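Below is one structure, written out as structure tokens; the observations come after it.
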Amino acid sequence: MRDKLERWFPATLMCLLSLLITGCGELNVPSGIVYCSEGNPETFNPQLVTSGTTIDASSHQLYNRLLDYNNDSSDFTAGLATQWTVSDDGLKYHFILRQGVQFQYSDIFSPSRPFNADDVLFSFNRIIDTKHPYHLVSRTGYPFFQSIGFSNLVTNIEKVNDYEVVFHLANKDASFLANLATDFAVILSAEYAQQQLQKGTPENIDYFAVGTGPFYLAGYVKNEYIRFKRNQYYWGEPAKIDLLVFDITPKSTSRLAKIITKDCQISALPKPNELAVIKKHKHLELSSKPGLNVAFWAFNTQKPPLDDVRVRHALAHAIDKQNILDVVYHDTADAATGMLPPNSWAYSEALDSNEYNPEEAKQLLKEAGVSNLSFDIWAMPVVRIYNPNALITAELIQADLAKIGVTVNIVSYDWSVFSQKLISNDYDSVLIGWNADNTDPDNFFTPLLSCSANESNNNRSKWCSSELDSVLTQAKATQSKAARKILYQEAEKIIHQQVPLVNIAHARKLILKNTSVSAKNLNSYGGISLSNVVLKQQEKQP
């Protein structure tokens with residue numbers, strides 16, 4: 001890395017950043033922000049994960065995509081591509097690339113050329129070409145891209161010249177541009193990759209990150225901090241701060257204590273039950289807006305008796321969602337009637353949700369010939385936007401199911417172990433969820449419940465429906481929003497009928513910050529971007 005990954009004591013780090021932030025104008029020191037993060041990133045390459053913790057620490061801080069979104073609208077804006085056109089048959093996407101964009105320098109890489117078409121080809125061919133020298137460097141695969149069948153969709157990426165590329169598709173896909181604007185579709189350096197391959201250290205590209213984003217990675221110590229510095233050669237609007245530190249603080253109570261004592265200026269994922277404490281401190285401010293997310297309870301439909309739709313319906317009828325919303329979310333979420341949240345353009349409230357009805361649940365279990373049912377619920381050990389406390393949610397479900405004679409054992413692990421064990425598929429059911437990466441409604445269906453998502457281990461229900469896949473394919477082949485909305489409502493009906501999962505809540509996106517900080521453009525989807533964070537005393541300066 002450009003700075004050695006030296007091991008600082010956390011207290012020393014906090015003292016330094018306090019000096020940077022609390023004034024010292026006459027000392028002319030750099031500006032800095034400390035962000036209290038909830039966990040360690042699994043990697044610094046967003047292509048390899050679906051974890052929000054990793055996305056927050058990498059996608060918008062270190063990288064760019066070909067396209068971006070205009071805040072919460074469904075309109076695309078220029079990123080590393082300045083122009084794009086789609087052929088009349090919908091099978092060719094032609095991109096004009098931005099010129100003069102520099103990749104970041106590091107201790108192990110000095111770029112000799114600016115960003116060009118070779119970097120686009122490398123970034124996506126690595127994913128779709130199984131013979132690519134970097135394809136298998138990722139031990140986790142490319143879960144988002146695999147879940148949407150990206151390698152089957154993109155037949156070829158053509159380099160027209162150094163600043164023009166064409167994506168050739170096998171079939172029409174109305175969500176294609178949206179997927180290129182997701183947090184996962186970052187552009188890597190082909191030159192850096194080639195150098196590391198020659199050195200025999202190809203994995204460096206995923207951990208010693210080099211991108212074109214507003215910050216560069218200056219240091220990382222697991223369980224302690226990530227340090228970013230402003231990229232002074234950034235092609236876009238420069239970051240407002242010189243130094244950004246992610247203070248890795250897994251416990252929500254510890255994050256709250258740190259922001260109260262001003263050791264952090266922004267904190268991730270405040271819990272709803274902490275709101276009363278937050279209100280007592282005038283220097284704290286809670287930003288909130290509707291989120292594009294869903295929390296759900298997924299059944300492993302490959303395990304008996306959860307392979308019986310009557311049993312799944314019974315379990316869905318047995319849980320009191322309103323009680324979960326009251327106890328866990330404290331008025332910071334809406335009850336889910338389907339996959340799509342109310343602020344999705346394709347949303348339409350379900351007419352027949354699996355309402356709370358314990359007697360109906362008992363009758364369905366009787367019809368299925370199931371008695372003395374006992375199974376596990378795996379509960380995430382970490383806070384997520386869509387579920388601030390999965391363990392308490394699991395306990396409430398456990399109590400509800402006991403009322404219909406079903407015994408539940410709650411299982412949890414450290415997050416790194418939990419996420420790895422999920423891949424083995426050796427679970428009965430799991431409390432998890434999804435935070436959308438873009439505003440296209442397909443993002444709630446194909447990555448989570450398609451047959452391709454099942455193959456990529458992103459489909460937690462292990463449920464594959466040719467009927468659902470057919471509807472999703474039709475929706476992606478249709479440009480009309482009105483027609484697509486009808487098709488996505490048909491998808492909701494199929495999911496309701498088969499109950500591979502029970503949707504619980506759509507949570508509001510909350511960010512807790514010190515009033516001395518101005519954090520603009522909080523999106524309802526995707527990872528956090530901190531390049532536009534401003535210290536308010538800086539705003540006052542001429």
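Predicted, not measured: the structure shown is a model, and the values here were computed from it.
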Next on the checklist: Is the ring pair F144/F184 parallel, tilted or perpendicular, if the boundaries are 30 and 60 degrees?
Outcome noted: parallel
Item to check | Aromatic ring pairing Y413/F418, orientation class (parallel under 30°, perpendicular over 60°, tilted between) | outcome: tilted
Checklist entry - Using the benzene-type ring in the case of Trp, are the ring centres of Y69 and F76 under 6.0 Å apart? => result yes
Next on the checklist: If you take the centroid of each ring, where Trp contributes its six-membered ring, are F44 and F208 closer together than 6.0 Å?
Outcome noted: no
Does a donor on one side chain and an acceptor on the other come within less than 3.5 Å for [X] and [Y]?
X: T478; Y: S480; answer: no
X: W345; Y: T439; answer: no
X: T337; Y: E349; answer: no
X: S37; Y: R255; answer: no
X: E274; Y: S252; answer: yes
X: W378; Y: D428; answer: no
X: S429; Y: R460; answer: no
X: H60; Y: R65; answer: yes
X: D320; Y: Q322; answer: no
X: S288; Y: R508; answer: yes
X: Y220; Y: N40; answer: yes

Checklist entry - Applying the side chain to side chain contact (heavy atoms under 4.5 Å, CB included) test to N300, which of F375, W463, Y427 qualifies? => result Y427
Kindly give the heavy-atom pair with the smallest separation between [X] and [Y], and that separation in Å.
X: C264; Y: I259; value: O-CG1, 3.5 Å
X: L530; Y: Q61; value: N-OE1, 3.3 Å
X: L340; Y: Y347; value: O-CD1, 3.2 Å

Checklist entry - Under a 4.0 Å N-O cut-off, is there an ion pair linking E285 with K513? => result yes
Item to check | Salt-bridge contact R384-E38 (side-chain N to carboxylate O under 4.0 Å) | outcome: yes
To the nearest 0.5 angstrom, please state how far the [atom1] atom of [X] sits from the [atom2] atom of [Y].
X: S424; Y: D426; atom1: OG; atom2: CG; answer: 5.0 Å
X: N354; Y: E360; atom1: CG; atom2: CD; answer: 9.5 Å
X: S465; Y: N454; atom1: OG; atom2: CG; answer: 11.0 Å

Checklist entry - Can you list every pair that meets disulfide bond (SG atoms under 2.5 Å apart) and has a residue in residues 409-444, with sequence neighbours left out? => result none
